[in-house]
S.K.: 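Below are the structure tokens for one structure; questions will follow.
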Amino acid sequence: NTKLIAVDPKNIDMNKIKQASEILRNGGLVAFPTETVYGLGADALNGEASRKIYEAKGRPSDNPLIIHIAEMNSLEFLVGEVNEDARILMEKFWPGPLTLIFKKTDRVPYSTTGGLETVAVRMPSHPVAIALIRDSGICIAAPSANTSGKPSPTKASHVLEDLNGRIDMVIDGGDVGIGLESTIVDMTGNVPVILRPGYVTREMMETVIGKVETDEQAKGASDDFRPRAPGMKYRHYAPKAELILVKGDAGHVSEKINELAKDEESQGKKVGIIATTEMERGYHYGTVITIGSRSDRETIARNLYSVLREFDNTDVETIYCEAIEGDNLGQAIMNRLKKASSNHIIQLDNDGEIEEQT
Ligand code: TXA
Ligand code: MG
């Protein structure tokens, strides 16, 4: 059975952390909070332990894990060459929601890297995560602590919904702060490439290093070619219901969603709507859940996965969601929404009519 323990991030009980460390050192699985989402941890250098992660999540074995460290010294152990750009990014954004990809050393087992010669590393800033890594004395491999394909967990209860009975322990450290997974940047080429957008944006990185590119696939534009972050090729973050994004002028969007929702209800279907605070009172059909203000991307990011999970607890068959602008954090939000909807987007023209549907 899965043991649940609560640890207050502001007043960490080291006796509880020690119980978790013991499990990790013995090759077991512990879910723990990070500043982005909850992670499912195992000893990264123990191939047998990291294989258990794939089993518990139902994760395809070619989808590599991120290794979490608490000290800069641990890096030498895991990675080969670290270039100047990488040094600057680590200096500026670690500890924090940024994952960097390097060539791996022989110490890192292929079961942790999904067979790749490269390895993803990040230093989280959440005090519980840091305490656990330090106390256990190991590098912790941790994907998001959800069943593969489901929205990532932003609360301990989400982890239990998915993994109760399949892992040894969950550390409940409260709700996470950011709510979207870390930005992933490939540092193995001449120019850093963003493979997954997140809280640390391209603009933020470009103010401290030179040019940073964004992988086409990470923009959510197309699924046609092999993505460079293997995990991004799978249907992801997806609620049970069909999710449809509606894009265009905000007023037109809410009008169109009302029209579509009304139509479906008249056919006896159950409809859900993900609304921004500005628009919520304009919806008259279906189950409406508010995600946050259009002008407050951080709140939308923090609420996104838990709103998708809320709809999983209803019998809604279709969910309409207002699309938002894809700048900065908006780009990370839209990347997750596009994946969750399998790129199902209704684009409105200037008159509010459907221009294109994918
Ligand atoms: O915020 C986060 O990054 C969270 C917390 C727990 O740290 N973790 C997380 O892990 O989101 P996961 O496994 O859900 O996503 C890891 C992503 C996958 O898309 C995977 O393909 C990519 O990182 N990845 C890992 N190692 C890679 C590598 N060597 N090359 C390319 N992509 C890699
Ligand atoms: Mg994940």
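Order of listing sets the numbers, starting from 1, for every ligand and every atom in it.
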S.K.: Is there a polar contact between ligand 1 and Glu181, counting only N or O atoms under 3.5 Å apart?
M.R.: no
S.K.: Could you check whether Tyr38 and Phe32 have their ring centres less than 6.0 Å apart?
M.R.: no
S.K.: Classify the contact between Ala142 and ligand 1 as side chain, backbone, both or neither, using a heavy-atom distance cut-off of under 4.0 Å.
M.R.: backbone
S.K.: Taking atom types as modelled and ignoring hydrogens, do the side chains of Thr358 and Asn343 form a donor-acceptor contact shorter than 3.5 angstrom?
M.R.: no
S.K.: Relative to the heavy atoms of Pro64, which atoms of ligand 1 are at a distance of less than 4.0 Å?
M.R.: 20 (C), 21 (O), 24 (N), 25 (C), 26 (N), 27 (C), 28 (C), 33 (C)
S.K.: Does Leu116 approach ligand 1 within less than 4.0 angstrom via side chain, backbone, both or neither, non-hydrogen atoms only?
M.R.: side chain
S.K.: Tell me whether Tyr38 has any N or O atom under 3.5 angstrom from an N or O of ligand 1.
M.R.: no
S.K.: Can you confirm whether the side chains of Arg196 and Ser182 place a donor and an acceptor under 3.5 Å from each other?
M.R.: yes
S.K.: Could you tell me, atom by atom, which parts of ligand 1 come under 4.0 Å of a heavy atom of Thr36?
M.R.: 1 (O), 2 (C), 4 (C), 5 (C)
S.K.: Under the side chain to side chain contact (heavy atoms under 4.5 Å, CB included) test against Leu160, which residue among Ile167, Leu4, Asp172 passes?
M.R.: Leu4
S.K.: Has the side chain of Asp327 got a donor or acceptor atom that lies under 3.5 Å from a matching backbone atom of Gly330?
M.R.: no
S.K.: When you measure from the side chain of His68 to the backbone of Ile140, do you find a donor-acceptor pair of N or O atoms at a distance under 3.5 Å?
M.R.: yes
S.K.: Within the 4.0 Å heavy-atom shell around Ser182, which atoms of ligand 1 are there?
M.R.: 1 (O), 2 (C), 3 (O)
S.K.: Indicate, as side chain, backbone, both or neither, the part of Ile184 found under 4.0 angstrom from ligand 1 when only non-hydrogen atoms are considered.
M.R.: side chain
S.K.: List every atom of ligand 1 that sits less than 4.0 Å from any heavy atom of Gly39, numbering the atoms from 1 in the order shown and giving each element.
M.R.: 6 (C)
S.K.: Yes or no on salt bridge (Lys or Arg N to Asp or Glu O under 4.0 Å) for Lys18 and Asp135, after CA distance, side-chain angles and deciding distance?
M.R.: CA-CA 7 Å; Lys18 282 184 195 315; Asp135 183 73; 2.8 Å; yes
S.K.: May I ask you to check whether Ser144 and Glu181 show a side-chain donor-acceptor distance below 3.5 Å?
M.R.: no
S.K.: Please could you name the atoms of ligand 1 that Ile101 approaches to less than 4.0 Å, counting only its heavy atoms?
M.R.: 27 (C), 28 (C), 30 (N), 31 (C), 32 (N), 33 (C)
S.K.: Under 4.0 Å from a heavy atom of Thr118: give me the atoms of ligand 1 that qualify, with their elements.
M.R.: 28 (C), 29 (N), 30 (N)
S.K.: Spell out, yes or no, whether Leu329 and Met205 are grouped together once hydrophobic residues are joined by side-chain heavy atoms under 4.5 Å, including indirect joins.
M.R.: no
S.K.: Check if Arg59 has a non-hydrogen atom at a distance under 4.0 Å from any atom of ligand 1.
M.R.: yes
S.K.: How does Glu35 reach ligand 1, by side chain, by backbone, by both or by neither, if only non-hydrogen atoms under 4.0 Å count?
M.R.: neither
S.K.: Please determine if the Mg ion (ligand 2) has an N/O/S atom from Ser148 lying under 2.8 Å away.
M.R.: no
S.K.: Heavy-atom pairs closer than 4.0 Å: do any link ligand 1 to the side chain of Thr113, the backbone, both, or neither?
M.R.: neither
S.K.: Please list, in number order, the atoms of ligand 1 under 4.0 Å from a heavy atom of His68.
M.R.: 5 (C), 6 (C), 7 (O)
S.K.: So which atom in Thr318 and which in Glu264 form the shortest heavy-atom distance, rounded to 0.1 Å?
M.R.: OG1-OE1, 3.1 Å
